[in-house]
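Some notes on the structure that comes next.
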Amino acid sequence: MKTILLTGFEPFGGEATNPSWEAVAPLQGEAIAGHSIETARLPTAFGHSRASLLRAIARHAPALVLCVGQAGGRASISLERVAVNLIDARIPDNRGRQPVDRPVLRGGPEAYLTRLPLKAMRARLLAAGIPCELSLSAGSFVCNEIAYALAHHIATRAPHLRGGFVHIPYAPAQAARHPGAPGMAVDLVTAGLRLLAESALTTRRELRVAGGRED
Ligand code: PCA
């Protein structure tokens with residue numbers, strides 16, 4: 001059976017949990033569109049997370065990889081369109097490293113655009129009543145590093161692999177400790193990830209609808 005690899009991250013930035021892993025973990029072993037799901041928890045540490053992702057891809061040989069990370073402050077499930085070749089850490093990672101203005105990959109392209117049919121995937125979530133948006137920046141921390149490393153792996157080594165990055169809001173208990181920040185129930189995120197994986201695998205043609213923004 002073909003596989004789907006879903007990844008989440010360990011907690012970082014003083015949080016006790018990371019909803020990306022909490023939402024991904026229950027999907028281990030489930031079947032979607034004829035594929036079985038494998039999961040991996042990545043360290044929130046520059047370099048280590050990238051190595052851990054590439055090991056998981058080598059182990060599971062997936063047809064689809066969706067990497068998921070927490071983006072506290074966002075209100076919707078965010079489908080990342082762009083990964084940039086830039087690390088600029090506002091806070092230290094979980095090993096105490098805080099690189100500033102370094103490339104993810106020396107000599108690599110400035111950016112990668114995802115090849116996933118994100119507009120069709122967003123439509124699927126919205127139709128199911130799950131808040132979802134397209135995003136033009138995955139930031140410049142570990143999540144962007146992983147989004148870039150995944151896109152680079154696909155572009156240079158695995159042209160048939162589909163993959164992309166998804167940011168999710170705080171879980172409600174985290175949002176309660178950050179006044180004004182939105183939260184999303186982890187079960188809803190899990191349901192959204194199922195639909196994203198299914199639509200990423202089964203969409204034949206991307207939707208021709210506007211998805212850009214002015215800001
Ligand atoms: N979010 C961080 C890294 C790990 C995570 O879940 C980010 O957005 O870069």
Side-chain angles (χ1 to χ4, degrees), residues 2-9 17-40 42 62-83 112-139 143-144 146-147 150-151 154 161-175 181-215:
K2 293 182 185 171
T3 62
I4 299 167
L5 175 63
L6 298 180
T7 71
F9 281 98
T17 57
N18 188 325
S20 66
W21 176 242
E22 314 255 305
V24 160
L27 293 168
Q28 171 67 42
E30 267 193 28
I32 290 182
H35 296 61
S36 80
I37 296 181
E38 297 289 344
T39 60
L42 306 181
L64 170 70
V65 183
L66 291 180
C67 297
V68 187
Q70 164 195 313
R74 296 203 193 176
S76 301
I77 294 181
S78 295
L79 311 182
E80 300 295 353
R81 305 182 78 170
V82 185
Y112 281 106
L113 300 181
T114 186
R115 296 189 203 151
L116 289 179
L118 295 190
K119 291 176 175 176
M121 292 163 68
R122 175 183 60 170
R124 187 88 166 81
L125 260 65
L126 295 180
I130 303 176
C132 183
E133 64 187 3
L134 304 185
S135 165
L136 288 164
S137 173
C143 287
N144 173 72
I146 280 298
L150 175 59
I154 292 171
L161 176 59
R162 291 180 228 198
F165 198 93
V166 179
H167 262 128
I168 62 167
Y170 281 137
Q174 292 176 295
M184 187 180 284
V186 169
D187 284 358
L188 193 65
V189 176
T190 301
L193 293 175
R194 267 190 206 102
L195 296 177
L196 289 177
E198 193 210 343
S199 52
L201 285 170
T202 59
T203 299
R204 293 269 165 267
R205 202 174 283 197
E206 171 65 310
L207 292 182
R208 304 265 302 171
V209 296
R213 47 197 301 162
E214 289 77 55
D215 65 343

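The figures here come from the full heavy-atom set of this structure, side chains too, leaving out hydrogens, waters and symmetry mates. One is the number of the first residue; the rest follow in order along the sequence.
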Please confirm whether the backbone N or O of [Y] pairs with a side-chain atom of [X], one donor and one acceptor, at under 3.5 Å?
X    : Y    : answer
Q70  : P169 : no
T114 : L116 : yes
R162 : A200 : yes

Might you point out which heavy atoms bring [X] and [Y] nearest each other, and give the distance in Å?
X    : Y    : value
V186 : A171 : CG2-CB, 3.9 Å
A175 : A181 : CB-O, 3.4 Å
S20  : N18  : OG-OD1, 2.7 Å

[atom2] on [Y] to [atom1] on [X], rounded to 0.5 Å:
X    : Y    : atom1 : atom2 : value
I146 : N144 : CD1   : CG    : 10.0 Å
L201 : M121 : CG    : CE    : 9.0 Å
F9   : L42  : CZ    : CG    : 5.0 Å
L125 : I130 : CG    : CD1   : 4.5 Å
L6   : C67  : CG    : SG    : 9.0 Å
S76  : I168 : OG    : CD1   : 12.0 Å

Residue pair L5, L64: steps toward the side chain to side chain contact (heavy atoms under 4.5 Å, CB included) verdict: CA-CA 6 Å; L5 175 63; L64 170 70; over 6 Å; no
Is any side-chain heavy atom of [X] closer than 4.5 Å to a side-chain heavy atom of [Y]?
X    : Y    : value
F165 : C143 : yes
L193 : I77  : no
R81  : L118 : yes
M184 : P172 : no
P62  : I4   : no

Pair I154-Y112, side chain to side chain contact (heavy atoms under 4.5 Å, CB included): steps then yes or no: CA-CA 10 Å; I154 292 171; Y112 281 106; over 6 Å; no
Atom pairs and distances, donor-acceptor, side-chain atoms in residues 31-38, under 3.5 Å, two or more places apart:
{"residue": "H35", "atom": "ND1", "partner": "A33", "partner atom": "O", "Å": "2.7"}
{"residue": "E38", "atom": "OE1", "partner": "Q28", "partner atom": "NE2", "Å": "3.2"}

Pairs touching residues 183-193 that satisfy side-chain hydrogen bond (donor to acceptor under 3.5 Å, both in side chains), sequence neighbours left out: none
Selection residues 116-136 - residue pairs positive for side-chain hydrogen bond (donor to acceptor under 3.5 Å, both in side chains), sequence neighbours left out: R74-S135, S78-E133, E80-S135, R124-E198
Residue of the set T7, T39, V166 for which side-chain contact (heavy atoms from CB on, under 4.5 Å) holds with V24: T39
